[in-house]
Amino acid sequence: MGVAVDKIFEDFLNKQSIFNNKDALTIQYTPDNIPHREEQIAALAKILAPALRMEKPSNVFVYGKTGSGKSLCTNYVCSQLNKISESKNVPLKVVYVNCKMRKVADTEYRLIAQLAREFGQNIPATGLPTDEVYKIFFETIDKDKKLIILILDEVDQLVKKVGDEVLYNLTRINQELKNAKINIIGISNDVLFMNNIDPRVKSSLNEEEMVFPPYDALQLKDILSERAKIAFNKGSISESVIAKCAAYAAREHGDARRALDLLRVAGEIAERAGRDRVEEKDVDLAEEKIEKETIEEVVKNLPVQSQSVLYAAFLILKSREPPVYTGEIYDVYKSICVRTATKPLTQRRVSDLISELDMLGIINAKVISKGRYGRTREISLSVSDEILNKIEDLLKVDLKL
DNA sequence: CGAGATTCATGTGAAGTATACCTTTAGGCTTAA
DNA sequence: AAGCCTAAAGGTATACTTCACATGAATCTCGTA
């Protein structure tokens, strides 16, 4: 291999990079200034302020679509709160858990276990009774006098899966605690989430309610400009590129996360092409790339069985127009299992897997009745052909076909 | 011709099972007095 | 006798299976106009 790798690295270092601080364009990044959310931040701060006097603030519920700044603002306010409490020696702890994370907090046991882990406990993945884990959690918290602010991100996902008993138990904790107090901030994408929830939970959890409206294109532009100032080096980004990203993201219910992704990926594309400024066409390329990558990411992390089911759907759709029905998929799935020498799951389970794939947005599945010819799910893929081929290759590799 | 019964293919809920892992407990062995 | 290790016993969460029943519109049936 006579490739001059050292030269590539050398060039990379010598060239003035487009980026100055790419982190500013990631979702983890918390900027000092959050435009167009002043109102919500102030409201949230007012609600939580009593915490500094060791009075338990009201529980809060935050609603809003993805990328409307819910998590960001909540985390921002809480970290500020944390900063002040530290300097004034107020015993306050903020815990953030995302309930959607597979294998982390997507069941009652796992959520409580995860919470206990946040407090330094070592909880096994399985084996303990859930009550026991609750007890451990209680006792750890209650060891000394403090106030805990518990942020449950995407709780709607958790409740949809395992019911609202978890929330009930959590809201009840306060009555059992002698020293500590716990305050819950729930974050949900689903505005109608509270409707079908135990009224007892509802009343105690929904003491305060906050709605984050989606950003419009202008607001997105402000946000991006703000971040771009930090992320890019001078002169490598233009107003028009930013405007384009904002416009694209505004089309999708004003998703700021998407806007940031667009900008970041566009920058990466320009950088890789060896240019020193981002151009508008990069944004178009970025949009394609993001769609491809996010789906790829999801598919890659799928359990093998789900991959097989998905692959079955691909195979059928390659030779035919949608829609495809559950029965067909199951047959093909079984033959795939024979080829990969894995034990096929039952149709019952596959039915659930199809539902999950639907939830993930990889496929569209709709239950329909075909009258005399029974009842089934009508399934189609929700991605473009080009991405479809890419995923197919990916599955082939993963399934070793 | 139309109301009501029938039918099909699979959705869906509940209960049961296998697996992997946990704590407790009872021996059994070693060790120190 | 006390201490320590090990293996069995008894228990749990989770992913999956088994069983059984629910669904709902196209189609069929049959009485009636």
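Convention: sequence-line order gives letters A, B, ...; per-chain numbering from 1. These figures come from a predicted structure and were not determined experimentally.
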Novice: Given the rule in the ring pair (Phe, Tyr, Trp, His ring centres under 6.0 Å) test, do A/Tyr63 and A/Phe193 qualify, once you have shown the distances and angles that lead to the verdict?
Specialist: CA-CA 9 Å; A/Tyr63 300 101; A/Phe193 169 65; 7.4 Å; no
Novice: Check the side chains of A/Asp198 and A/Tyr168 for a donor-acceptor pair under 3.5 angstrom, ignoring hydrogens and angles.
Specialist: no
Novice: May I ask you to check whether over 12 heavy atoms, not counting those of A/Glu176, lie within 6.0 Å of atom CD?
Specialist: yes
Novice: Touch check for A/Thr346, heavy atoms < 4.0 angstrom, all strands: base, sugar-phosphate only, or nothing?
Specialist: base
Novice: Testing the 3.5 Å rule here: is there a donor-acceptor pair between the side chains of A/Gln305 and A/Tyr333?
Specialist: yes
Novice: Centre of A/Tyr29's six-membered ring, under 6.0 Å away, within 45 degrees of the axis: is that where NZ or CZ of A/Arg227 sits?
Specialist: no
Novice: With under 30° as parallel and over 60° as perpendicular, where do the rings of A/Phe138 and A/Tyr134 fit, or are they tilted in between?
Specialist: perpendicular
Novice: For A/Pro303, answer base if it contacts any base atom (sugar-phosphate contacts may also be present), sugar-phosphate if it contacts only those atoms, and nothing otherwise; contact means non-hydrogen atoms under 4.0 Å.
Specialist: nothing
Novice: Is it true that the NZ or CZ of A/Arg37 lies under 6.0 Å from the centre of A/Tyr215's six-membered ring and within 45 degrees of the ring axis?
Specialist: yes
Novice: Decide if atom CG of A/Asn33 counts as having more than 12 heavy atoms of other residues, nucleotides or ligands within a radius under 6.0 Å.
Specialist: yes
Novice: Decide salt bridge (Lys or Arg N to Asp or Glu O under 4.0 Å) for A/Glu139 and A/Lys143; before the verdict, give the C-alpha distance in whole Å, the side-chain angles of both, and the deciding distance to 0.1 Å.
Specialist: CA-CA 6 Å; A/Glu139 281 166 8; A/Lys143 255 193 287 208; over 6 Å; no
Novice: Identify the 5'-most and 3'-most nucleotides of DNA chain B with at least one atom closer than 4.0 Å to a non-hydrogen atom of chain A.
Specialist: B/dT7 to B/dT23
Novice: Ignoring hydrogens, what is the shortest heavy-atom contact between A/Val278 and A/Ala270? Give both atom names and the distance.
Specialist: CA-CB, 4.0 Å
Novice: Could I get a table of every N or O pair under 3.5 Å where one atom is in the protein and the other is in nucleotides 9-15 of chain C?
Specialist:
| from | atom 1 | to | atom 2 | distance (Å) |
| --- | --- | --- | --- | --- |
| C/dG11 | N2 | A/Gly127 | O | 3.3 |
| C/dT12 | O4' | A/Gly127 | O | 3.2 |
| C/dT12 | O3' | A/Leu128 | O | 3.4 |
| C/dA13 | OP1 | A/Thr130 | N | 3.1 |
| C/dA13 | OP1 | A/Thr130 | OG1 | 2.5 |
| C/dT14 | OP1 | A/Thr107 | OG1 | 2.5 |
| C/dA15 | OP1 | A/Arg110 | NH2 | 3.3 |

Novice: Between C/dT17 atom C1' and A/Lys334 atom NZ, what is the distance in whole Å?
Specialist: 14 Å
Novice: What protein N or O atoms touch nucleotides 19-29 of chain C N or O atoms at under 3.5 angstrom, if any, and at what distances?
Specialist:
| from | atom 1 | to | atom 2 | distance (Å) |
| --- | --- | --- | --- | --- |
| C/dT23 | O2 | A/Arg375 | NE | 3.0 |
| C/dG24 | N2 | A/Gly371 | O | 3.0 |
| C/dG24 | N3 | A/Ser369 | OG | 3.3 |
| C/dA25 | O4' | A/Ser369 | OG | 3.4 |
| C/dA26 | O4' | A/Arg372 | N | 3.2 |
| C/dA26 | N3 | A/Arg372 | N | 3.4 |

